[in-house]
There are 4 protein chains.
Amino acid sequence: MSGSTFGKVFKIATWGESHGPGLGVVVEGCPAGLSLKESEIQKELDRRKTGQSKVTTTRKEGDEIRILSGVFQGKTTGTPIAMWVENHDVDSSKYELIKDLFRPGHADYTYQMKYGFRDYRGGGRSSARETVARVAAGAIAKKLLRRHKIQITGYTRQIGPLVAKKIDFKEIERNIIRCPDKAMSEKMIDHIMQARKKGDSVGGTVEIIAQGVPAGLGEPVFDKLDADLAKAVMSIPAVKGVEIGIGFQAAEMLGSQCNDAFTLKGKKVGTRTNHAGGILGGISNGEDIVVRLVVKPTSSINKGQDTVTAQGKKAKIRVEGRHDPCICPRAVPIAEAMVALTLIDHWMRNQGSRLGK
Amino acid sequence: MSGSTFGKVFKIATWGESHGPGLGVVVEGCPAGLSLKESEIQKELDRRKTGQSKVTTTRKEGDEIRILSGVFQGKTTGTPIAMWVENHDVDSSKYELIKDLFRPGHADYTYQMKYGFRDYRGGGRSSARETVARVAAGAIAKKLLRRHKIQITGYTRQIGPLVAKKIDFKEIERNIIRCPDKAMSEKMIDHIMQARKKGDSVGGTVEIIAQGVPAGLGEPVFDKLDADLAKAVMSIPAVKGVEIGIGFQAAEMLGSQCNDAFTLKGKKVGTRTNHAGGILGGISNGEDIVVRLVVKPTSSINKGQDTVTAQGKKAKIRVEGRHDPCICPRAVPIAEAMVALTLIDHWMRNQGSRLGK
Amino acid sequence: MSGSTFGKVFKIATWGESHGPGLGVVVEGCPAGLSLKESEIQKELDRRKTGQSKVTTTRKEGDEIRILSGVFQGKTTGTPIAMWVENHDVDSSKYELIKDLFRPGHADYTYQMKYGFRDYRGGGRSSARETVARVAAGAIAKKLLRRHKIQITGYTRQIGPLVAKKIDFKEIERNIIRCPDKAMSEKMIDHIMQARKKGDSVGGTVEIIAQGVPAGLGEPVFDKLDADLAKAVMSIPAVKGVEIGIGFQAAEMLGSQCNDAFTLKGKKVGTRTNHAGGILGGISNGEDIVVRLVVKPTSSINKGQDTVTAQGKKAKIRVEGRHDPCICPRAVPIAEAMVALTLIDHWMRNQGSRLGK
Amino acid sequence: MSGSTFGKVFKIATWGESHGPGLGVVVEGCPAGLSLKESEIQKELDRRKTGQSKVTTTRKEGDEIRILSGVFQGKTTGTPIAMWVENHDVDSSKYELIKDLFRPGHADYTYQMKYGFRDYRGGGRSSARETVARVAAGAIAKKLLRRHKIQITGYTRQIGPLVAKKIDFKEIERNIIRCPDKAMSEKMIDHIMQARKKGDSVGGTVEIIAQGVPAGLGEPVFDKLDADLAKAVMSIPAVKGVEIGIGFQAAEMLGSQCNDAFTLKGKKVGTRTNHAGGILGGISNGEDIVVRLVVKPTSSINKGQDTVTAQGKKAKIRVEGRHDPCICPRAVPIAEAMVALTLIDHWMRNQGSRLGK
């Protein structure tokens, strides 16, 4: 039972391979009556696309989105919205060389074991290129969320040992690493470029803040909001961990330090601190939702590595291709999309939670 | 759309409140022909139950499991297996005092906001007592996994600043904190008891290892094995973060350090290191699966805290009740159960992944 | 992947066997704040229960419902509602004799083939006794529907060759066959009693009318309202066919005869005839929903029949036990429950169909 | 919560409107390693397409299928298979005239009520044109079923009062009405042409036979094989009823007549008659599966009919456009597709039903 669908009420099904005809998504459950233009989707795709700066891969895909259904006279009709982008700059030649080699850190070996054979061109379905479909769907989710005054903001928080010291939302899209701390962003870019020169890659963390989420979203005991957010971001390629609010720091805290005291913010109940990251008992509490994820260094590196062949012999591999030296800046819009998809789904799931609602 | 079901093929639906008649689970999708006794389920419940040591709550529940359906002549019939435990030691009197107060760190406020009112006795459905149903279902999952030579082992890895330095599986169940490092376990217990004396609580981390998982489990691109594991453990009360393999350390690594080189282990392909925690591209690679979760300090503390009332007034609260000073030792069997439920579901989902399989 | 759950938003999971400890259901997705008493559920169960008249089986089950969770201070809490009835009058002795014989018309053979062995006591899970759980859940669905002014009414329309000629809702519960035509009900009862004397059984049809359903329920293109109703009633034991509105008569009609002309009913749009049975394009149109199902004659008959043994030898069988000579009167509340469960699920699913709704 | 997905393990999501850019489907859960060519899909689409004879609409769509993902080197990869056909012969001009009129028998009114507005061009998503996506997915289902020796055959059984008297499978595709009785097929065609001349349309029934289905498919108590088949075919536009095996005739039978006696067929257990239509207790018994559906006369007729406008005024309507005078011949491949999709899904769902299977 395959797993290319996400969400229960606002639901998406994605398809496509890195070097096939294209990639697409079918969005089901978007309410009728939402005005929607291709240009609004395109804007998000452009934030994710390749070749946008020196810290991303040089593959050049226009990633031009086309809406194929579900929109009539500029409005959503309530029926499935199909969208796709065609692949253009497909250079599969380099992949012929490695079709029998398992690239370390990649899914070559696991796809081979699961399916018996694999589309080895650019990683096929395992390529991060599949995330273009997530971002397209996420653009619709974001638009719906904005109608409910919910705003999603993502940024690079850490690159290697370098951690952002201040969080200035206006700065984020001004630098190519999408760091909210201008001074740190420059150091981060240097750090990446140095690794790239050596044929190496670097890791980092990305943080997503959702503001304006009303109290009440999340469906215990399994589909808790934090549980579904964790799944959403962990499903992004290269992510190896996720934290909500204080995250792993909670291990070293006392209850009296970790608990967020309740207080009144005007007439609304709020918390004085936000260690919980906006979620208590799996349900949003009205404070900012804070999700943090760690992105491993890009697996494709231009350095010799030990591996084995599909025929079971030892071998050396050096992955040339065109790769991002650091995934974080492009992971930002992808993670935003996954958080947005999770929130709009939960927003809709919450509608029937009590009578008269 | 409520969220008390988990899994897609091996699927569970849980129900019950802390101070209601009892708690239960319906397990759907367990294959026919598995021999199953209540005593096998009981064994796991006993590892989770209250009052088992000085580092757990003093509430005394026998947690005696009863199988109500799906088993005939000692074997599963392929139809739903219903199980439940009755609640006995229910003392709701203390909760009357706090029915209009929101306990910091608890779900009182969020349940109130979501549902308009709440069962305030012992937290109702938001109580960690609901996990008894997970552990019961997990016992069946574990038994099925063992038939496929898959073994799940969990332990407390860290308590406050104290981290286990050696991992000796045989040691785990010999100490009340379930730490695989005997020397460290004693320090951990001291640390907890000191916090308890002050009416406070402590956090920690739990690690789960799944050995013997074949390559091929996981359903990209959304139902990746790591994504579903993240959801599974994040849905456990008090968990604020989850890591797979190297986890957040990946932020500071280079690609050349982080990638696990492939090698031959006898005739099988394996990896030299296991930074990936047994999962590549969302699919198991045959190495040990490593999942780590952080458990926040128990929210119920015997200290005065600021809060507000349901009527919107400022107030002080001191939670007396009977509570675990540290959740980790009891979180171990719960996290094992969630990992087991995820793995058996994926094991079954993988069956149709290729022709002839 | 087992199939004991029904519904997507208002969702139920049932469990239990004819001769096990009992039967139950977990209802998920019922909104918080609905007042709910066991006696309201009981009322519906009493309409379904055995031994209620000479045209039903003599097995005597009190079918006393017990609510185990999800209700606090007389109101639903929004969390799963677990209910069960214990089995009391269990007489498995007769079944020992036929444990290796496949009863014609029953599921003995197919369960054996699917699961490799079976609970042969009273048919185990394949017994119509499982429908007690459906009726319990359906009672909640009906209560919710009534809040939306939707009323479900079921009756026996045909027994053997005898068809009700008038439809008087007030008459239905006054006769033991649940026929809305008093004169015909007496003939139907005679017809059944004569078959019973000969050890035989009779078939019939049941009709369910849902009044007050607003236009707009149903989710094309697969989860059309008629499609989900068809599934719902076809899943009831012994049902072999289902019609919506005009049903099979449509085969012999012209388009100009079959189409229902639109007209104005006060300010509302309505149709002059209702051949469509209240559903157009899979969506309710505001007219009465009309669902008709055929119930085969009870398979258990006290007559010699040819069969084979589990060991593959020819044999004769005569099913003694205690059985309904005609299923229709007890099928009425069961079919009502299934229609109610389908409608409330679609009512809730429709909530997000357009912005501002 | 929208409903354009079908199936649980072999799962499809369809999209597209009658007069939009095209229609498509994403097939998830098809095992890796199946050889698959566009020409195999095309063959089934050609059986469904418009303009194939004088008893079908004159709209001319090539319905050329294109596979966009999930196939590599001629074999399925185990990842989602996206396919689509572009719309070409789109003539929306006639629909401008009726954009404010509700066509009797159509979904214009109900879509308007559900979604607040609608794509009125050719019925938008409610058009039977959406079934092209079902047939494309069904072609893959059929291919998988043939590997398991399961064969699906459909035909027109009845047109108006004319019922096929013999069932000769070889005859079916030789006549334009797809009737297995050659002599009757000619009368049926005459009957349709006479109605067409008068601007009218006719109804009929379609029968689908699945041969070679092993005993054991079906998931009680809700996802019974007959329940899922009923849903599958009832979701086809214009279908108003469905029968399994003997169907509505069961109402007039005695148990002793209706029960199918078990017997030995070689070493296999079989039944002497097949009133059950191959399904007992919701599980296949190894006999032929027999599904019958009634198709109402085409709603679009070239005759004046009463209706109302979107503004709530009485009006007359005459639907000109290009329409099938009888839906049956084109309903045959659509119904086959739906039966095939249901069977392959259940085939895959049954895999985990017992240990060692």
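Computation of the quantities below employed the complete heavy-atom set of this structure, encompassing side-chain atoms and omitting hydrogens, waters and symmetry-equivalent molecules. Chain letters run A, B, ... following the sequence lines, proteins first, then strands; residues in each count from 1.
Taking 4.5 Å as the limit, every side-chain heavy atom of D:E243 sits out of range of all side-chain heavy atoms of C:E243. Side-chain contact check for D:K296 versus C:H275: every heavy-atom pair is 4.5 Å or farther apart. Side-chain contact between D:E219 and C:K114 is present, with heavy atoms from C-beta onward closer than 4.5 Å. Between D:S201 and C:M253 the shortest side-chain heavy-atom distance does not fall below 4.5 Å. Looking at D:D306 and C:T263, their side chains never come closer than 4.5 Å, going by heavy atoms from C-beta outward. No side-chain heavy atom of D:K231 sits under 4.5 Å from any side-chain heavy atom of C:S235. Between C:I301 and D:S256 there is a side-chain heavy-atom pair separated by less than 4.5 Å.
Contact annotation for C:I236: only backbone heavy atoms (N, CA, C, O) come within less than 4.5 Å of a heavy atom of chain D. Proximity to chain D (any heavy atom under 4.5 Å) is restricted, for C:K303, to the side chain, taken from C-beta onward. Only the backbone of D:S284 comes within less than 4.5 Å of a heavy atom in chain C; its side chain stays farther off. Neither the backbone nor the side chain of C:T131 comes within less than 4.5 Å of any heavy atom in chain D. Heavy atoms closer than 4.5 Å to chain C are found in the backbone of D:L293, but not in its side chain. Only the side chain of C:M338 comes within less than 4.5 Å of a heavy atom of chain D; its backbone N, CA, C and O stay farther away. The contact between C:D260 and chain D is made entirely by backbone atoms, counting heavy-atom distances below 4.5 Å. Residue C:L225: no heavy atom, backbone or side chain, is found under 4.5 Å from chain D. Heavy atoms closer than 4.5 Å to chain D are found nowhere in C:S126, neither backbone nor side chain. For chain D, no part of C:H346 is nearby; none of its heavy atoms comes within less than 4.5 Å. With a 4.5 angstrom heavy-atom cutoff, C:K240 touches chain D via backbone and side-chain atoms both.
Among D:L280, D:V221, D:I244, the residue with the largest count of heavy-atom pairs under 4.5 Å with chain C is D:V221. Heavy-atom pairs under 4.5 Å with chain D were tallied for C:A227, C:G281, C:G286; the largest tally goes to C:A227. Contacts with chain D were tallied for C:V202, C:T298, C:L254, C:I159; C:L254 has the most, counting heavy-atom pairs under 4.5 Å. Per-residue heavy-atom pair counts under 4.5 Å with chain D were compared for C:G105, C:P104, C:G277, and the maximum is reached by C:P104. Across D:G203, D:A251, D:G123, the residue that shares the most heavy-atom pairs under 4.5 angstrom with chain C is D:A251. Comparing C:R134, C:M1, C:K268, C:H106 by how many heavy-atom pairs each has under 4.5 Å with chain D, the most go to C:M1. When each of C:G282, C:G218, C:A195 is checked for heavy-atom pairs under 4.5 Å with chain D, C:G218 comes out on top. Most heavy-atom pairs under 4.5 Å with chain D: of the set C:A107, C:G199, C:G204, C:A261, this distinction falls to C:G204.
Shown here for D:P220 and C:S2, the closest heavy-atom pair between the two residues is O-OG, 4.4 Å. Nearest heavy-atom pair, D:V294 versus C:F248, reported as atom, atom and distance to 0.1 Å: CB-CD2, 3.6 Å. The heavy-atom pair separating D:R354 from C:M113 by the smallest distance is NH2-O, 2.7 Å. Here the closest heavy-atom approach between residue D:P297 and residue C:A250 is recorded as CD-O, 3.4 Å. Shown here for C:F102 and D:F262, the closest heavy-atom pair between the two residues is O-CD1, 3.5 Å. Of all the heavy atoms in D:D226 and C:V239, the pair that sits closest is OD2-O, 4.4 Å.
Expressed to the nearest 0.5 Å, how far CG of C:L264 lies from NZ of D:K313 amounts to 11.0 Å. Note that CD1 of C:I283 and CD of D:Q112 are 11.0 Å apart. Values are rounded to the nearest 0.5 Å. The CG atom of C:L355 lies 13.0 Å from the OH atom of D:Y115; values are rounded to the nearest 0.5 Å. Distance OG/C:S353 to OH/D:Y111: 12.0 Å, rounded to 0.5 Å. Taking CD from D:E252 and OG1 from C:T205, the interatomic distance works out to 9.5 Å, rounded to the nearest 0.5 Å. Residue D:N285 holds its CG atom at 7.0 Å from OG1 of C:T110, rounded to the nearest 0.5 Å.
Heavy-atom neighbours of D:K314 NZ from other residues, nucleotides or ligands within 6.0 Å: at or below the threshold of 12. The environment of CD in C:Q249 is sparse: at most 12 heavy-atom neighbours from other residues, nucleotides or ligands sit within 6.0 Å.
A donor-acceptor pair under 3.5 Å links the side-chain atoms of C:D200 to the main chain of D:G255, judged by distance alone.
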Donor-acceptor contacts, no H, no angles, side chain residues 6-14 of chain D, under 3.5 Å, sequence neighbours left out:
residue: D:K8; atom: NZ; partner: D:D223; partner atom: OD2; Å: 3.3
residue: D:K11; atom: NZ; partner: A:T5; partner atom: OG1; Å: 3.4
residue: D:T14; atom: OG1; partner: D:R125; partner atom: NH2; Å: 2.7

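With sequence neighbours left out, D:Q305 forms a side-chain hydrogen bond (donor to acceptor under 3.5 Å, both in side chains) with C:N259.
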Practice task
Apply side-chain contact (heavy atoms from CB on, under 4.5 Å) to the pair D:M234 and C:D228, showing each step before the final yes or no.
Solution key: CA-CA 8 Å; D:M234 194 68 103; C:D228 275 343; over 6 Å; no

